[in-house]
Amino acid sequence: MTSGSKGTKIQVLLIDDDEKLCRLVKDYLDPLGYNVSFCYEGAEGLLKALSGDYHVVILDVMLPGMDGFDVLRAIRRESDVPVLMLTARGDETDRIVGLEIGADDYLPKTFSTRELLARLRAVTRRSQPSARKGLHMEELPFLAGEIRIDPAAHSVFVENREIDLTPIEFDLLTMLARRPGRVFTRNELLDRVAGRDYEVFDRAIDVHVSSIRRKLGDDSRTPRFIKTIRSAGYVFLDPSQKRP
């Protein structure tokens with residue numbers, strides 16, 4: 001993110017072909033410390049999203065020409081900018097697809113402005129771990145078996161291979177790895193990482209954990225790192241304990 005002359009406001013890019021919605025979001029957020037820019041087409045939005053000028057992107061799934069999923073895939077090939085997806089119907093399938101290809105969060109288009117603000121604050125907070133002050137020991141790098149996690153640098157290495165995680169994936173892995181052997185329920189992971197309840201969509205955690213496993217080269221059937229505890233949640237396997 002290049003700071004340029006835009007000051008300290010949080011720079012938001014809204015990609016949506018609903019002009020009325022764009023104006024509504026801008027009018028609501030701009031007085032609250034945000035600077036909202038918008039565009040109505042996917043291809044143009046992609047170019048802006050990759051410019052490095054924005055802290056967060058709000059991306060509609062349904063766009064003329066290049067749809068939101070294609071835009072997100074292209075963004076994730078080159079950038080880890082936080083992306084908040086908008087889904088027209090709140091369809092669970094759309095949400096799962098978005099999360100699987102790298103969205104940090106989702107929001108049905110029936111959202112309230114207060115909910116939008118809460119989600120924006122959450123994704124921007126998660127994406128700027130180095131800006132968190134007063135964490136002291138929690139900011140120091142640590143080892144969890146073969147995994148090295150550096151919270152301040154927001155980096156993860158497995159056997160000297162760097163792993164590219166989204167902000168929420170990084171926070172989930174860090175939370176699990178700090179407490180090996182401790183079973184976390186899905187609700188605990190949602191509450192601590194996202195700061196809210198996903199209500200009926202607790203499958204969001206399953207999608208994120210699946211993505212983390214894939215990137216770590218882990219296998220849910222014979223896990224090295226993260227084990228699913230049926231009807232309970234997830235546990236990071238204690239590297240000091242022998243496993244069959």
Side-chain angles (χ1 to χ4, degrees), residues 69 72-73 75-80 82-83 85 91-106 123 126-127 129 137-244:
F69 293 139
L72 178 58
R73 290 187 184 95
I75 289 174
R76 283 293 170 255
R77 285 195 289 268
E78 299 186 37
S79 172
D80 61 358
V83 176
M85 294 289 291
D91 191 309
E92 184 174 291
T93 300
D94 282 353
R95 287 178 273 168
I96 289 174
V97 171
L99 292 170
E100 285 180 336
I101 60 179
D104 293 276
D105 204 348
Y106 67 88
V123 297
R126 291 196 299 262
S127 70
M137 292 296 294
E138 292 186 6
E139 286 293 288
L140 296 177
F142 67 97
L143 293 174
E146 303 167 52
I147 300 176
R148 182 181 187 274
I149 299 175
D150 186 341
H154 208 268
S155 63
V156 175
F157 288 84
V158 179
E159 300 173 340
N160 296 319
R161 175 174 61 92
E162 187 168 12
I163 308 300
D164 184 20
L165 300 179
T166 68
I168 195 169
E169 290 170 357
F170 180 87
D171 280 0
L172 281 170
L173 177 61
T174 300
M175 182 176 173
L176 289 164
R178 285 193 188 280
R179 300 286 298 277
R182 199 273 208 198
V183 177
F184 288 92
T185 68
R186 289 171 176 80
N187 283 340
E188 285 179 309
L189 293 169
L190 287 167
D191 289 343
R192 295 196 190 189
V193 174
R196 63 183 174 78
D197 187 354
Y198 273 73
E199 299 174 349
V200 298
F201 192 54
D202 62 357
R203 287 185 62 192
I205 284 294
D206 299 330
V207 174
H208 287 305
V209 170
S210 176
S211 179
I212 294 168
R213 282 174 167 154
R214 174 174 51 79
K215 293 176 180 180
L216 293 177
D218 205 2
D219 185 340
S220 61
R221 293 167 297 183
T222 56
R224 297 162 57 202
F225 305 120
I226 302 173
K227 182 178 181 179
T228 303
I229 306 300
R230 189 171 182 179
S231 301
Y234 296 99
V235 60
F236 191 90
L237 295 173
D238 189 337
S240 68
Q241 300 295 318
K242 291 184 178 180
R243 301 189 294 277

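Source: prediction; values computed, not measured.
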Point to revise | Contacts of type side chain to side chain contact (heavy atoms under 4.5 Å, CB included), residue Val209, not counting sequence neighbours | key: Ile205, Arg213, Ile226, Tyr234
Check your understanding: Taking all non-hydrogen atoms of both residues, which atom of Ile101 and which atom of Phe69 are closest, and how far apart?
Key -> CD1-O, 3.6 Å
**Study point:** Closest non-hydrogen atom pair between Pro151 and Phe142, with its separation
**Key:** CG-CE2, 4.3 Å
Study note, to complete from the structure: Sorted by chain and number, sequence neighbours left out, side chain to side chain contact (heavy atoms under 4.5 Å, CB included) with Arg214 holds for Ser211
Point to revise | Interatomic distance, Asp171 atom CG to His154 atom NE2 [nearest 0.5 angstrom] | key: 5.5 Å
Practice item. Please list, chain by chain and in numerical order, all residues satisfying side-chain hydrogen bond (donor to acceptor under 3.5 Å, both in side chains) with Ser220, sequence neighbours excluded. Key: none
Revision key, fill the gap. Output for pair (Leu176 CG, Glu188 CD), nearest 0.5 Å, gives 10.5 Å
Check your understanding: Can you find a heavy atom in the side chain of Leu189 that is under 4.5 Å from one in the side chain of Leu172?
Key -> yes
Exercise for review: State which residues pass side chain to side chain contact (heavy atoms under 4.5 Å, CB included) with Leu143; sequence neighbours excluded, sorted by chain then number.
Suggested key: Arg148
Review point. Under 3.5 Å, is there a donor-acceptor pair between the side chain of Asp218 and the main chain of Phe225?
Key: yes
Practice item. Please report the shortest heavy-atom distance between Ile212 and Leu173, naming the atom on each side. Key: CD1-N, 4.2 Å
**Study point:** Closest heavy-atom pair and its distance - Gly233, Val183
**Key:** N-CG1, 4.5 Å
Point to revise | Expected output: side-chain Thr174 to main-chain Phe170 donor-acceptor under 3.5 Å | key: yes
Check your understanding: From Leu72 CG over to Met85 CE, what is the distance, rounded to the nearest 0.5 angstrom?
Key -> 5.5 Å
Check your understanding: Can you tell me how far OG1 of Thr228 sits from CZ of Arg186, rounded to the nearest 0.5 angstrom?
Key -> 7.0 Å
Exercise for review: Any chance you could measure Leu99, atom CG, to Glu169, atom CD, to the nearest 0.5 Å?
Suggested key: 9.0 Å
Practice item. Would you please test Asp105 and Ile168 for side-chain contact (heavy atoms from CB on, under 4.5 Å) and show each step? Key: CA-CA 9 Å; Asp105 204 348; Ile168 195 169; over 6 Å; no
Check your understanding: In terms of heavy-atom contacts, does CZ of Arg182 have more than 12 from other residues, nucleotides or ligands at under 6.0 Å?
Key -> yes
Exercise for review: Give a yes or no on whether Lys215 atom NZ has more than 12 heavy-atom contacts from other residues, nucleotides or ligands under 6.0 Å away.
Suggested key: yes
Point to revise | Gly217 versus Arg224, closest heavy-atom pair with distance | key: O-NH1, 3.9 Å
**Study point:** Partner set under side chain to side chain contact (heavy atoms under 4.5 Å, CB included) for Asp219, not counting sequence neighbours
**Key:** Arg221, Thr222
**Study point:** Taking every non-hydrogen atom, the tightest pair across Gly181 and Val235
**Key:** C-CG2, 3.4 Å
Review point. Taking C-beta and beyond as the side chain, do Arg76 and Thr166 meet within less than 4.5 Å on heavy atoms?
Key: yes
Study note, to complete from the structure: Value for CG (Asp150) from CZ (Phe157), rounded to nearest 0.5 Å, stands at 8.5 Å
Point to revise | With sequence neighbours excluded, residues passing salt bridge (charged side-chain N to carboxylate O under 4.0 Å, His left out) with Arg230 | key: none
